[in-house]
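Here's the structure, in C-alpha cells; my notes come after.
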Amino acid sequence: MPAIRLFGLPTDINSSFERGAAAGPAAIRAALWSDRGNMASELGPEIGVDIMLNDDGDLPLTEDSALDDAAIRRHVAYVREDGEIPLALGGDHAVTFPLVEAAATCFGPVNILHIDAHPDLYADFASNPRSHASPFARICEAGHAKRLVQVGIRTMNRHCREQAARFGVEVIPMADFTPDRVPVLEGPLYISIDLDGIDPSAAPGVAHPEPGGLTVRELLAVLHKQTAPIVGADIVEHHPGRDVGDVTAILGAKLIRELVALIDRNGPAKTTL
Ligand code: MN
Ligand code: MN
C-alpha cells in the first residue's frame, strides 16, 4: 500500500478579496496532531497506525506565482519519486493548478472531483489569470482534466456558466443536492476540496463564506463512494483569522484522515506516461 505525504502550501498571494489562507496549513496541522481527537477514520483504519502518513511541513513559498508553481510541481515530483501520494494543504485555491499539472505530467489527463461553493472558472479575475477564482479555467485550457465534476456550486454567474459549457464541466448544483447525484469517477482521480464548499455553519473559517452548502455528512458520502485510484488531493482555503473555535481547522484535519483512508482503500494508480 502506498504511503501518503502531507505538505503545506502557505500562500494567499492569489486570493482576490481577503488574504489569510497562508496560515491555513499550520492551523489544520495543529488540529490534526492535537490530543483533542484521535487519528481514526470513518473507513476503519487509524492514521499513523494502520496507514503511514508522512508530513513534510510547509514548502518555503515566495510572493511570486511562477516560482511557487515550479516549487510545487517539483515537490510533487519528489513525492512521486519516493512512491508516495501527495496530499496538499492550502493556501488559496490557486495552488491546485500546479498540483494537477504535476499529476497530469505523471498520469496524463486526470478525472477531477472538485468541492467548492464557487466554480473557479474565471478566464481572468481582477486582472489576475492566476487568481484563486481561476485555477480550473487554467487546468481545462491546459488539457489536464479528462473529466471535471464540481460539487457544492451555488454562485454560478453567466460568465462561469459559459466557461463550464465551453470546457464541458459537469456541475452538480447545490439545489436539490443528494450525494447519489455525484458520479463515481474513474481513475486516475484527483480530489480538490475548497472548504467553502461546506456550509459556513460547519466551516466558517474561509474568506468567501456562502450559505446553503454541503453538510459534512454529505461531503463524506461523496468522498467515500469514490472507488478509483487517487493520484493526488488537496484541502484549500482555510482562513484561520475567520474561524470560530477552530471548527474549520478541526474539519480540515478530519478530511485529511478521511482522504488518507480513501487513498489507501482505493489503492495505487498505474503511471501511463
Ligand atoms: Mn470557494
Ligand atoms: Mn475554490
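Whatever order the structure lists ligands and atoms in, that order sets their numbers, starting from 1.
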Hey, what else clusters with Y122 if you join Ile, Leu, Val, Met, Phe, Trp, Tyr whenever side-chain heavy atoms sit under 4.5 Å?
F125
Considering residues at least two apart in sequence or located in another chain, which fulfil the side chain to side chain contact (heavy atoms under 4.5 Å, CB included) criterion with D124?
P129
Walk me through whether I115 and L219 qualify under side-chain contact (heavy atoms from CB on, under 4.5 Å).
CA-CA 8 Å; I115 314 296; L219 174 56; 3.8 Å; yes
side-chain hydrogen bond (donor to acceptor under 3.5 Å, both in side chains) involving E81 - partner list, sequence neighbours excluded
none
Side chain of D56, backbone of F7: donor and acceptor closer than 3.5 Å?
no
Option from H93, H118, H144 for which ring pair (Phe, Tyr, Trp, His ring centres under 6.0 Å) with F136 holds:
H93
Sorted by chain and number, protein N/O/S atoms nearer to the Mn ion (ligand 1) than 2.8 Å are D116 OD1, H118 ND1, D194 OD2, D196 OD1, D196 OD2
